[in-house]
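Lettering follows sequence order; numbering is per chain, from 1.
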Number of protein chains: 2
Amino acid sequence: MFKKFKIPDATIGRLSMYSRYLIEADKKGITTVSSQHIAKATGVTPAQVRKDLAYFGEFGTRGVGYNSRELYNYIMKILGLNKQWSVAIVGAGNLGRALSQYKGFNQRGFNISCIFDNDPKKIGKKISNINIYSFDSLAEKVKDFNIKLGIIAVPASAAQEVADKLVKAGVRGIINFAPVNITVEENIILRRVDLAAQLEYLTYYLEEI
Amino acid sequence: MFKKFKIPDATIGRLSMYSRYLIEADKKGITTVSSQHIAKATGVTPAQVRKDLAYFGEFGTRGVGYNSRELYNYIMKILGLNKQWSVAIVGAGNLGRALSQYKGFNQRGFNISCIFDNDPKKIGKKISNINIYSFDSLAEKVKDFNIKLGIIAVPASAAQEVADKLVKAGVRGIINFAPVNITVEENIILRRVDLAAQLEYLTYYLEEI
DNA sequence: CATACATTGTTAAATAATTAACAAAGATTT
DNA sequence: AAATCTTTGTTAATTATTTAACAATGTATG
């Protein structure tokens, strides 16, 4: 698996979609699929599918297509999903609690190992069998559980501080749900997910039609 | 407000970020900001800020910058956020419940009016004062509450059916949290948010470093 | 086994988005 | 009031991404 070239960010998101389609196809007994099939199921063009895959190698057979299971395995490997990942969620508010229980993470190999909060009323409790720990024990627990991924679900005002703590503890990738821009050192992967902004895309387009 | 040209999708997301910075700046008594200030606070380039704004008009004063409050108001108007929007959430599972309670929506003018589910145990109950109704009453309630935005938080297998129902009831914009591609007629605005895929971006980049 | 057909992988063309450069316009200083 | 400084808005250049086209390659058919 080689990542020599710069791959468009969007490609990664599409690979994830492809993989979901492929595992479904495989379950249904569809052993072979074409770029056309994948494209139709995921809402992209066949050329896009082939281009995306071409970044990583040759996975198909000309005149035939792709073996569903095989391509699925390749993509999962590309995405780094051929193993389990431990994840920490920081913030046991509504969003943090929901994400802790969200089944979709488990389905893709993510294991929410622990939750952190600074509310004494929450510390020591559990959310669907996941322990809530104090901020103070973050570094310790991150090392214990070998956690490389962190989810920030705290208010905007605390997000940067939490990010710093996570990075210091050894976390390598962070998703920030707080609606604020935070910065991390260069070798840390950071993504921002702004739920309200998603609705704002809709209102923007609906506004003037 | 004119949307003659095709605006990059990313621009809309950035406008949302800018607006969040601007209201904060205004609260702190910073009446004037430059594209440089906005850029630094939101993690983009000053040229990007000016380009984004230029799609919609001239909001600044050369040699001076932008009036924080004024630009904030302009952007909110552009995004269609100068009024309240009623939103329906479909699915009262973990994710649906969390989104119903998520404070971030309210802060930006979104009002979760009702929740729909088909579980008899949930119908009739409330989640932080928001009623849970049956799928059957969806069309009726969407009209009663004048709901134009819908959030799909049901399992992938039910997502398309829910989308169809929402559209038929008069909803114009949809966010789909189910990890599946759904289709809607052309004049409906649809966005897909795949939470697991967000983590997969991280693992992709962490995999081979 | 030659011909027709299907579908990939790849190269080229077209489109889109970002960044850089700078003239225009207003504020400040001498 | 001329000269200098600042920062916008806009145009041009650059970079990135998507789409289209097609040669290469394998399968199926007569």
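- You'll find the ring centres of Y74(B) and F59(B) inside the 6.0 Å limit.
- Atom CG of L22(A) sits about 12.0 Å away from atom NE2 of H37(A), to the nearest 0.5 Å.
- Sequence neighbours left out, the pairs with a member in residues 183-195 of chain B that pass salt bridge (Lys or Arg N to Asp or Glu O under 4.0 Å) are R20(A)-D194(B), D9(B)-R191(B), R192(B)-D194(B).
- I147(B) CD1 to W85(B) CH2: the interatomic distance, rounded to the nearest 0.5 Å, is 12.5 Å.
- Here the side chains of F177(B) and I152(B) are not in contact, with every heavy-atom distance at 4.5 Å or above.
- Residues L199(A) and F105(B) form a side-chain contact, since some pair of their non-hydrogen atoms from C-beta on lies under 4.5 Å apart.
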Please tabulate the protein-to-nucleotide N/O contacts below 3.5 Å involving nucleotides 3-5 of chain C, giving atom names and distances.
none

Per-nucleotide protein contact string for nucleotides 25-30 of chain C, where B marks a base within reach and S marks sugar-phosphate only (heavy atoms under 4.0 Å, - for neither): BSS---

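- Residue S19(A) holds its OG atom at 10.0 Å from CE of M17(A), rounded to the nearest 0.5 Å.
- Under the 4.5 Å side-chain criterion, counting only non-hydrogen atoms from C-beta, Y72(A) is not in contact with D26(A).
- Distance L53(A) CG to dG9(C) P: 7 Å, rounded to the nearest Å.
- Residue Y66(A) has a polar side-chain atom (N or O) positioned under 4.0 Å from OP1 or OP2 of dG9(C).
- Looking at R50(B) and E58(B), no side-chain N of the basic residue comes within less than 4.0 Å of a carboxylate O on the acidic one, giving no salt bridge.
- In this entry the distance linking CG of N67(A) with P of dT7(C) reads 15 Å, nearest Å.
- First and last contacting nucleotides of DNA chain D toward chain B (any atom under 4.0 angstrom from a heavy atom, 5' to 3' order): dT6(D) to dT11(D).
- The stretch residues 16-50 of chain A touches DNA chain C through S34(A), S35(A), R50(A), each having a heavy atom within less than 4.0 Å of the strand.
- When I151(B), L166(B), L149(B) are each tested for a side-chain contact (heavy atoms from CB on, under 4.5 Å) with I174(B), only one passes: L166(B).
- Counting heavy atoms from C-beta on, the side chains of F116(A) and S137(A) come closer than 4.5 Å.
- Put simply, NZ on K51(B) is 10 Å from P on dA17(C), counting in whole angstrom units.
- Annotation: K40(A), atom NZ; neighbour count of heavy atoms from other residues, nucleotides and ligands within 6.0 Å does not exceed 12.
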Atom pairs and distances, donor-acceptor, side-chain atoms in residues 88-104 of chain A, under 3.5 Å, two or more places apart:
{"unit_1": "N94(A)", "atom_1": "OD1", "unit_2": "R97(A)", "atom_2": "NH2", "d": "3.1"}
{"unit_1": "N94(A)", "atom_1": "ND2", "unit_2": "Q101(B)", "atom_2": "O", "d": "3.4"}
{"unit_1": "R97(A)", "atom_1": "NH1", "unit_2": "A92(A)", "atom_2": "O", "d": "3.1"}
{"unit_1": "S100(A)", "atom_1": "OG", "unit_2": "G96(A)", "atom_2": "O", "d": "2.5"}

